[in-house]
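Report on the following structure.
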Amino acid sequence: MGDLAGKHIVLGLSGGIACYKSAELCRALIKEGATVQVVMTEAAEQFITKVTMQALSNRPVFGSQWDDRAANHMPHINLSREAHAILVAPCSADFMAKLLHGRADDLLSLMCLARPMDQVPLLVAPAMNREMWVHPATQRNVAQLKADGVQVLDVGTGDQACGETGDGRMLEPQDIVQELVAFFAPKTLLGQHLLVNAGPTFEAIDPVRGLTNLSSGKMGFAIARAAREAGAQVTLVAGPVHLPTPRGVLRHDVQSAQDMHARIVELVDQANVFVATAAVADWRPSTAAEHKIKKDGSGQAPELDFVENTDILTEVAHSPRALSGALFCVGFAAESQDLAEHARLKRERKGVPLLVGNLGPQTFGQDDNALLLVDAHGSRELPRAPKLELARSLVAEIALRLKPSH
Ligand code: CTP
């Protein structure tokens, strides 16, 4: 089951070179379980053929308001009434201007105007040259479209087809899909600010070596994504991992446990939920050598002294804001055995209202996991599932627990 299972999306293409990405977008929407009806403007057909879009969507493409395939001769009504959302991607500067004025001289604009606004949301993914994007006329149109209830997605930054570099590219297909999934998600965390830490830390021994662990950061990144889908403002502090930043999430990269501690202390006052998924190293070498430690020929390994790192979660969970209920803390426990007992004891030791237990060897680096939620009332198992699915369930659990006190 994809994230868009059961959703019927009208994918509108207006004229722009980004139409080449719409083919990929169509595939990605279908891969997530959506059915897709493509509607193209005449200008879009200059960039990509109906044949391509029909083959990918597995449905006839519509282009004209005079199309006589439907008995009632009203494609603008029929197509929009079936849709869970209309997504215009790419949305050209010209098409935005048209939407803004309620013009309806082609099927796509006619359909957008004729849609029942309270039932069929309209999302647009702008795509244009950077000068066109920053032009006051475009920016005015963006602001007005938002005021009219249109979901105007961000634009991407980078190289443009015209050879210039800047803002205005259409978002990548996967980003647009993420935005659409987030759009449909229940907004259980609206108004909340989540701070999440994720991944391992890296404790330097010398400039080229260090100690770390097998945490991939996937669970923390999934929680950040799920919380943003649920409407929260999300800040993510990540140790050294190779994962893309979830859309709409503010990310801070750190290396060592000390860096992570410092960054969390700096950011935690703005948050009202702290989710500690990071596998923070418990110890670090007491000093990191300035230069690479060389073999001295004696056959003896160098002696390393360790000092304990601050327990970030325990410190935050005992801060005045956490103790007063203004900050809700969620801890994780990576165990290798006796999960239920260790998780129960760890929750008490760390002083957190909710602790999420998992078995380290069965989760590190994997795409799925099983969780045990432990709170003052007992425990509940979330059976093995993809991490994003578990993250969404956990976010729903957090939202339930926030309601009484916020
Ligand atoms: N944690 C932390 N700072 C540390 C160590 C752990 O904030 N220096 C947090 C983790 O982010 C996690 C929770 O504490 O949310 C539990 O981490 P875990 O490694 O399971 O437990 P430890 O405290 O290291 O205890 P032990 O090694 O005894 O299992």
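Just follow the structure's listing: the first ligand is 1, and inside any ligand the first atom is 1.
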Next item on the list: May I ask you to check if Arg251 and Phe221 form a cation-pi contact, with NZ or CZ under 6.0 angstrom from the six-membered ring centre and within 45° of the axis?
Entry: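 No, Arg251 does not sit over the ring of Phe221.
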
Item checked: side-chain hydrogen bond (donor to acceptor under 3.5 Å, both in side chains) against His342, all qualifying residues, sequence neighbours excluded ->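 For His342, no residue satisfies side-chain hydrogen bond (donor to acceptor under 3.5 Å, both in side chains) once neighbours in sequence are set aside.
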
Check: Who passes side-chain hydrogen bond (donor to acceptor under 3.5 Å, both in side chains) against Ser336, sequence neighbours left out?
Finding: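 Partners of Ser336 under the side-chain hydrogen bond (donor to acceptor under 3.5 Å, both in side chains) test: none.
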
Notebook entry, point to check: Can you list the residues that meet the salt bridge (charged side-chain N to carboxylate O under 4.0 Å, His left out) rule with Asp167, with sequence neighbours excluded?
Noted result: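 Counting only residues at least two positions away or on another chain, Asp167 forms no salt bridge (charged side-chain N to carboxylate O under 4.0 Å, His left out).
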
Check: Listing by chain and number, which residues have a heavy atom under 4.0 Å from ligand 1?
Finding: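 Within 4.0 Å of ligand 1, protein side: Ala276, Ala278, Val280, Asp282, Thr310, Asp311, Ile312, Leu313, Gly331, Phe332, Ala333, Ala334, Lys346, Arg349, Lys350.
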
Note to self: Under a 3.5 Å threshold, yes or no: a donor from one side chain and an acceptor from the other, between Asn78 and Glu82?
What the structure shows: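 Checked: Asn78/Glu82 side chains show no N/O donor-acceptor pair below 3.5 Å.
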
Next item on the list: Compute whether any side-chain donor of one residue and acceptor of the other, for Glu315 and His261, lie under 3.5 angstrom apart.
Entry: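 A donor-acceptor contact under 3.5 Å links the two side chains.
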
